[in-house]
A.B. asks: 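Following this message is one structure expressed as structure tokens.
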Number of protein chains: 2
Amino acid sequence: MNNAYAEEAKMMLSSKGYKLTRPRLVILDYMAGVSGHPSIQEIYEGILINYSGIGIATVYRTIDLLVEIGYLRALVLLNNQLRYELNLPDDHHHHLICKACGVIREFNSCNFNSISEEIEDTTCFKIEEHNLEAYGYCSDCLSKKAGYSTENM
Amino acid sequence: MNNAYAEEAKMMLSSKGYKLTRPRLVILDYMAGVSGHPSIQEIYEGILINYSGIGIATVYRTIDLLVEIGYLRALVLLNNQLRYELNLPDDHHHHLICKACGVIREFNSCNFNSISEEIEDTTCFKIEEHNLEAYGYCSDCLSKKAGYSTENM
DNA sequence: GTCGGTGCAAATCGTTTGCAGAGCC
DNA sequence: GGCTCTGCAAACGATTTGCACCGAC
């Protein structure tokens with residue numbers, strides 16, 4: 001639960017002139033406490049449990065706002081589905097996605113910096129960010145795979 | 001123009017029992033000759049010019065088929081739009097996308113292999129593929145940016 | 001009290017599907 | 001000639017928008 005980070009975001013919203021309404025506070029807190037990388041639908045359903053009045057349009061609008069102020073970060077996976085996670089400062093990581101069950105794990109190793117200058121030189125681009133996703137099979141699915149053996153996963 | 005690669009794909013389709021119909025041949029050839037990384041809409045519009053009868057549903061169905069047989073590869077960018085490129089053998093590359101004009105450049109440097117084993121060890125995943133995208137500004141947009149200076153791009 | 005934010009429902013967009021006719025093998 | 005493939009139009013699902021009311025400041 002990233003309370004301090006959530007409080008910071010509330011102050012940020014407020015200082016930018018955005019009102020601290022109930023739906024905004026609920027979504028913000030929900031994201032501070034959630035584990036995993038929920039989609040809009042999952043966020044909506046997760047919040048409905050404790051706050052039955054919320055509308056999905058508000059979830060879309062609020063998540064966009066939270067991405068805009070830098071509180072959240074959007075993740076685009078190969079199946080073309082958007083998912084969201086906290087955009088904590090100094091938390092540079094990437095994602096490893098299981099092609100069988102879809103589970104997402106994070107990893108921190110990243111040696112992109114060692115090649116980024118070379119790429120800038122050869123392409124004349126100024127690079128600001130990068131995304132790295134690896135796809136494969138998690139240990140659970142690997143053992144199932146070994147079990148059924150002939151399955152083509 | 002990758003004629004040989006296109007011919008190979010035609011034989012592959014045929015050998016798998018798929019009929020070589022006019023729309024399939026046209027789309028296949030279009031992709032062999034196109035530069036850049038077109039979206040479905042762009043492929044559809046590009047083909048309409050010379051073949052006004054084609055329907056967009058056919059473009060969707062055919063592109064899916066061509067991805068399935070490995071002739072094409074799908075690209076998911078941060079704006080959540082699918083784009084397609086030839087999946088040439090031994091052509092491992094990644095993409096560099098300009099955040100201002102959207103132009104996509106390819107680069108070949110990639111040192112992922114040097115960390116992939118370590119990631120496999122720490123996560124117990126078996127990694128099969130990876131995607132790397134870098135975002136920044138191309139030289140054209142950089143010089144425009146310098147010109148207007150105060151623009152926040 | 002004001003004005004931005006919300007929930008609802010309708011609109012919209014990209015994509016998929018059902019189907020009758022067309023055309024490849 | 002048979003059966004797959006196509007184009008059309010309708011269906012679908014995710015997202016966005018218009019609007020009247022609500023509530024934070």
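All values below were derived from every heavy atom in this structure, side-chain atoms included, with hydrogens, water molecules and symmetry-related copies excluded. Protein chains get the first letters and strands the later ones, always in sequence-line order, with residue 1 at the start of each.
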A.B. asks: Atom OH of Tyr44(A) and atom C1' of dG13(D): how far apart are they, to the nearest Å?
C.D. replies: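 Roughly 15 Å, once rounded to whole Å.
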
A.B. asks: Does OP1 or OP2 of dG7(C) have a side-chain N or O of Tyr51(A) closer than 4.0 Å?
C.D. replies: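 Result: yes.
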
A.B. asks: What is the per-nucleotide protein-contact pattern of nucleotides 19-25 of chain D, from the 5' end, where B denotes a base atom under 4.0 Å from a protein heavy atom, S denotes such proximity for sugar-phosphate atoms only, and - denotes neither?
C.D. replies: ----BBS

A.B. asks: Between Ala57(B) and Ser52(A), which is nearer to the 5' end of DNA chain C once each is assigned its nearest nucleotide?
C.D. replies: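 It is Ser52(A) whose nearest nucleotide is closer to the 5' end.
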
A.B. asks: Please confirm whether the shortest side-chain N or O distance from Tyr60(B) to OP1 or OP2 of dT16(C) is below 4.0 Å.
C.D. replies: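 The answer is no; no side-chain N or O of Tyr60(B) sits under 4.0 Å from OP1 or OP2.
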
A.B. asks: Could you tell me the separation between the CD1 atom of Ile56(A) and the P atom of dT6(C), rounded to a whole number of Å?
C.D. replies: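 Atom-to-atom, Ile56(A) to dT6(C), this comes out as 15 Å.
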
A.B. asks: Between dG14(C), dT17(D), dG7(D), which one does the side chain of Pro23(B) approach most closely?
C.D. replies: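 Within the option list, the nearest is dG7(D).
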
A.B. asks: Taking NZ, NE, NH1 and NH2 as the nitrogens, is one of them in Arg24(B) or Asp29(B) under 4.0 Å from a carboxylate oxygen of the other?
C.D. replies: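 Result for this pair is no, no salt bridge flagged.
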
A.B. asks: Do the non-hydrogen side-chain atoms of Asn50(A) and Val26(A) ever get within less than 4.5 Å of each other?
C.D. replies: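 Not in contact.
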
A.B. asks: Could you give the side-chain donor-acceptor pairs of residues 63-77 of chain A under 3.5 Å, partners two or more places apart or in another chain?
C.D. replies:
| from | atom 1 | to | atom 2 | distance (Å) |
| --- | --- | --- | --- | --- |
| Tyr71(A) | OH | Leu28(A) | O | 3.0 |
| Arg73(A) | NE | Asn87(A) | OD1 | 3.0 |
| Arg73(A) | NH1 | Glu85(A) | OE2 | 2.7 |
| Arg73(A) | NH2 | Asn87(A) | OD1 | 2.9 |

A.B. asks: Can you measure Asp64(A) atom CG to dA14(D) atom P for me and round it to whole angstrom units?
C.D. replies: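 Going from Asp64(A) (CG) to dA14(D) (P), I get 16 Å.
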
A.B. asks: What verdict does the side chain to side chain donor-acceptor pair (under 3.5 Å) test give for His93(B) and Asp91(B), after you've listed the backbone C-alpha separation in whole Å, the side-chain angles of each residue and the deciding distance to 0.1 Å?
C.D. replies: CA-CA 6 Å; His93(B) 67 262; Asp91(B) 176 27; 3.2 Å; yes

A.B. asks: Rounded to whole Å, how long is the line connecting atom CD1 of Ile47(A) with atom C1' of dT6(C)?
C.D. replies: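 So the CD1-C1' distance, Ile47(A) to dT6(C), works out to 14 Å.
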
A.B. asks: Just how far, in rounded Å, is C1' of dT6(C) from CD1 of Ile63(A)?
C.D. replies: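 It is 15 Å, rounded to the nearest whole Å.
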
A.B. asks: Under 4.0 Å, heavy atoms only, any strand: does Gly17(A) hit a base, just the sugar-phosphate, or nothing?
C.D. replies: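 Counting heavy atoms under 4.0 Å across all strands, no contact is made by Gly17(A).
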
A.B. asks: Starting at CG of Leu82(A) and ending at C1' of dT15(D), how long is that distance when rounded to a whole Å?
C.D. replies: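 Distance, rounded to whole Å: 11 Å.
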
A.B. asks: In whole Å, what is the span from the NZ atom of Lys10(B) to the P atom of dC24(C)?
C.D. replies: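 Nearest whole value for this atom pair: 14 Å.
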
A.B. asks: Does the side chain of Ser39(B) pick up a donor-acceptor pair with the side chain of Gln81(B) at under 3.5 Å?
C.D. replies: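 The answer is no; no qualifying pair exists.
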
A.B. asks: Does some side-chain heavy atom of Tyr137(A) sit less than 4.5 Å from a side-chain heavy atom of Cys101(A)?
C.D. replies: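 Cys101(A) vs Tyr137(A): side chains apart.
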
A.B. asks: To the nearest angstrom, how far is Lys16(B) atom NZ from dC5(D) atom C1'?
C.D. replies: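 That distance rounds to 18 Å.
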
A.B. asks: Does any pair with a residue in residues 48-69 of chain A pass ring pair (Phe, Tyr, Trp, His ring centres under 6.0 Å), and if so which ones, sequence neighbours excluded?
C.D. replies: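 Non-adjacent pairs meeting ring pair (Phe, Tyr, Trp, His ring centres under 6.0 Å): zero.
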
